[in-house]
Amino acid sequence: MKAFKFVRPRTCEEASKAVQAESNAILKSGGIDLLDRMKEHVDDPDTVVGLVDAEGLEAIRIEDDGAINIGAKVTLQQLADSEAVQRFLPTLAEAAGLAASPQIRNRATIAGNLAQHTRCGYYRRASFPCVQRGASECPVKQDGAVQDTAGVFDDECVSAHPSSIAPVLGSLEAQIKLRINEVSMFALFDNLWIRRDGKPASHAQLPEGAVIEAIHIPARSEKQYVGFAEIRQKAAFDWALVTCAVRYALDPDGKIGDASVWFGSIAPAPHQSVPAMRALLGQECTDKTIQAAAEASMKNAKPVPGAAYKVKLAKVALKRALEHARGRS
Amino acid sequence: MSDDSPRDDKPSGLTRRALFKGAGAAAAAGAVFRSIEAGAKESDTVPANVQGPGTVPVELDVNGAKKKLEIEPRQTLLEVLRLPLDLTGAKPVCDRGTCGACTVWLDEKPVYACTVLGVEAAGRKVTTVEGLGTPEAMSSIQKTFVAEDALQCGFCTPGMVMSAAWAVKKHGKDLTEDQARAACAGNLCRCGTYPHVLKAALACARKGS
Ligand SMILES: Cc1cc2nc3c(=O)[nH]c(=O)nc-3n(C[C@H](O)[C@H](O)[C@H](O)COP(=O)(O)OP(=O)(O)OC[C@H]3O[C@@H](n4cnc5c(N)ncnc54)[C@H](O)[C@@H]3O)c2cc1C
Ligand code: FES
Ligand code: FES
């Protein structure tokens with residue numbers, strides 16, 4: 001790693017000001033992703049603004065209306081162990097408890113997990129070409145090897161967003177509380193991944209100087225059916241090949257009236273599948289509906305040959321997630 | 001344009017109502033970022049604590065002993081343990097949080113020392129394999145690793161011991177094989193000694209210390 005100045009703000013507001021005031025500065029939370037990028041010189045910041053001393057970011061709070069507020073520094077292990085999360089947001093506790101390894105879960109924070117960068121081998125080696133660094137074409141498209149870190153859609157960058165927590169937060173319609181200087185604001189989950197230049201984002205796109213302060217999960221009055229499934233090469237200690245999180249509610253007639261389907265690890269950003277959601281709406285959650293949703297979810301897939309296997313995995317993950325949701329009462 | 005991309009016009013959760021209105025993409029309209037509180041807090045203007053980029057004095061609490069050191073912010077806890085402190089139990093293998101050979105406890109919880117900055121460990125309790133026991137006075141888990149033949153080349157062993165010891169500490173006498181397996185899931189052993197490691201963890205737990 002290049003030598004850097006380590007700035008330790010005591011609040012989110014200070015952190016926001018510090019990343020703007022210092023030259024070439026970057027935020028650090030648990031550091032699992034960031035130190036890796038710095039060791040590879042993919043990022044060479046002059047200043048690292050560490051949240052280690054920043055207060056008020058470590059709690060999981062249930063608000064008066066039943067919404068749940070998760071501080072930016074809450075670790076994946078805290079999420080997995082929290083009784084409130086297990087009870088009210090079971091898919092989040094499940095996904096967090098399955099991620100990575102105990103040693104990583106003890107350090108990795110929810111904000112850093114969401115904002116982690118893609119695992120694409122081209123992106124993560126500074127000397128390799130990558131469209132995110134200005135190359136004219138994504139080298140993964142020319143590479144004949146099996147691509148565990150690639151997406152399945154024909155994006156300009158065919159990387160995949162590696163977080164297994166992000167699809168769950170998407171399915172729960174999480175809002176991201178951001179802090180810029182003295183001001184707190186909410187961003188819709190979807191909007192975190194929009195690049196203004198229209199290129200696919202390979203990681204969260206936050207406004208200048210923004211610090212994630214908390215993740216806010218709104219309360220819902222109707223009964224929610226939630227499911228999560230992931231497919232991994234190894235049982236633990238690796239990123240998943242595909243993850244899928246679903247949430248739906250039933251109308252009084254027993255038909256699905258509200259649905260949300262999100263995938264991880266198949267597109268440069270966490271991927272919301274509108275075709276799958278359409279296939280679910282107005283239907284009873286039968287095996288046939290589930291099969292139709294699985295097919296619909298991948299109807300626009302155009303994978304590079306090395307990632308074609310992920311299309312099948314994604315359908316299986318969606319089926320398992322929906323079965324998981326249906327079976328949970 | 002497929003409805004799988006781009007993301008700008010996509011609904012955040014689709015409802016049947018929205019769909020029936022023919023407005024599949026209408027939900028998440030409005031400003032991207034909605035301001036919720038604007039406080040003119042001019043109060044604490046104490047500058048944030050700044051360390052480096054050169055060396056800075058820190059005091060580390062390692063295996064119960066306080067150590068005063070001069071380190072750079074870019075030095076990982078693993079580097080600090082091995083070089084100035086000469087505690088070479090934790091091993092640098094991948095240096096990327098992907099092998100487990102550098103496992104230590106930070107405030108009693110297992111972490112990869114290669115993923116923690118030394119300056120961030122100051123003021124917190126660090127325990128390395130040397131802190132569990134010495135060759136002359138081994139801890140129960142270390143003795144059980146020897147008795148159960150839970151190592152071959154030994155390179156993963158210090159990290160493996162820290163994870164196994166934590167499993168025993170957390171679950172006590174009732175430690176199950178699944179729990180031991182989950183606790184050691186973040187440690188790779190190239191020699192494949194896993195079954196013996198699990199046996200050692202369970203045997204140590206049954207002994208009750
Ligand atoms: C072997 C291995 C296996 C893994 N398996 C999984 C897995 O199964 N599932 C999974 O989801 N992940 C997995 N991970 C990834 C890991 O979970 C992430 O690297 C980690 O969660 C990142 O969190 P952090 O707190 O360490 O973030 P950091 O490394 O500190 O930060 C990551 C990024 O987020 C930005 N950032 C951090 N905090 C904030 C904030 N408050 N506001 C704005 N930006 C911020 C930083 O600038 C940086 O760019 C794995 C990692 C390893 C090494
Ligand atoms: S050296 Fe730290 S995990 Fe491999
Ligand atoms: S004993 Fe050789 S690596 Fe584990």
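Fair warning: this is a prediction, and the values are worked out from it, not measured in the lab. Each chain gets a letter, A, B and so on, in the order the sequences are listed, and its residues count up from 1.
With respect to chain B, the highest number of heavy-atom pairs below 4.5 Å among Ile32(A), Ile104(A), Val48(A) belongs to Ile104(A). Among the candidates Lys2(A), Gln77(A), Lys5(A), Glu40(A), the residue making the largest number of heavy-atom pairs closer than 4.5 Å to chain B is Lys5(A). Considering only heavy-atom pairs separated by less than 4.5 Å from chain B, the leading option among Ala100(A), Ala3(A), Ala236(A) is Ala3(A). Of the listed residues Met38(A), Lys39(A), Met1(A), the one with more heavy-atom pairs under 4.5 angstrom with chain B than any other is Lys39(A). When each of Thr115(B), Val111(B), Val119(B), Thr98(B) is checked for heavy-atom pairs under 4.5 Å with chain A, Val111(B) comes out on top. Each of Gly52(B), Pro110(B), Gly54(B) has some count of heavy-atom pairs under 4.5 Å with chain A, and the biggest count is that of Pro110(B).
Rounding to the nearest 0.5 angstrom, the gap separating the CZ atom in Phe6(A) from the CZ atom in Arg74(B) is 15.0 Å. Going from atom OH of Tyr112(B) over to atom CG of Leu35(A) covers 14.5 Å, rounded to the nearest 0.5 Å.
Taking Thr128(B) as the reference, Asn63(B), Glu130(B) meet the side chain to side chain donor-acceptor pair (under 3.5 Å) condition, with sequence neighbours excluded. Partners of Asp53(A) by side-chain contact (heavy atoms from CB on, under 4.5 Å), not counting sequence neighbours, listed by chain and number: Arg8(A).
For Gln51(B), the parts sitting under 4.5 Å from any heavy atom of chain A are the backbone and the side chain alike. Neither the backbone nor the side chain of Arg181(B) comes within contact range of chain A, judged by heavy atoms closer than 4.5 Å.
The neighbour count for Lys234(A) NZ, taken as heavy atoms of other residues, nucleotides or ligands under 6.0 Å away, is above 12. No more than 12 heavy atoms of other residues, nucleotides or ligands sit less than 6.0 Å from atom CD of Glu208(A).
A heavy-atom distance below 4.5 Å is not found between the side chains of Gln103(A) and Cys102(B). Counting only heavy atoms from C-beta outward, the side chains of Lys28(A) and Leu117(B) approach each other to under 4.5 Å. Considering only heavy atoms from C-beta on, Glu120(B) comes within 4.5 Å of Arg107(A) through its side chain.
Of all non-hydrogen atoms in Phe237(A) and Cys99(B), the two that sit nearest each other are CZ-N, 3.4 Å.
Near-neighbour residues of residues 183-197 of chain B relative to chain A, defined by a heavy atom under 4.5 Å from a heavy atom of that chain, comprise Ala183(B), Ala185(B), Gly186(B), Asn187(B), Leu188(B). Of residues 76-96 of chain B, those residues lying under 4.5 Å from chain A by any heavy-atom pair are Thr76(B), Asp95(B), Arg96(B).
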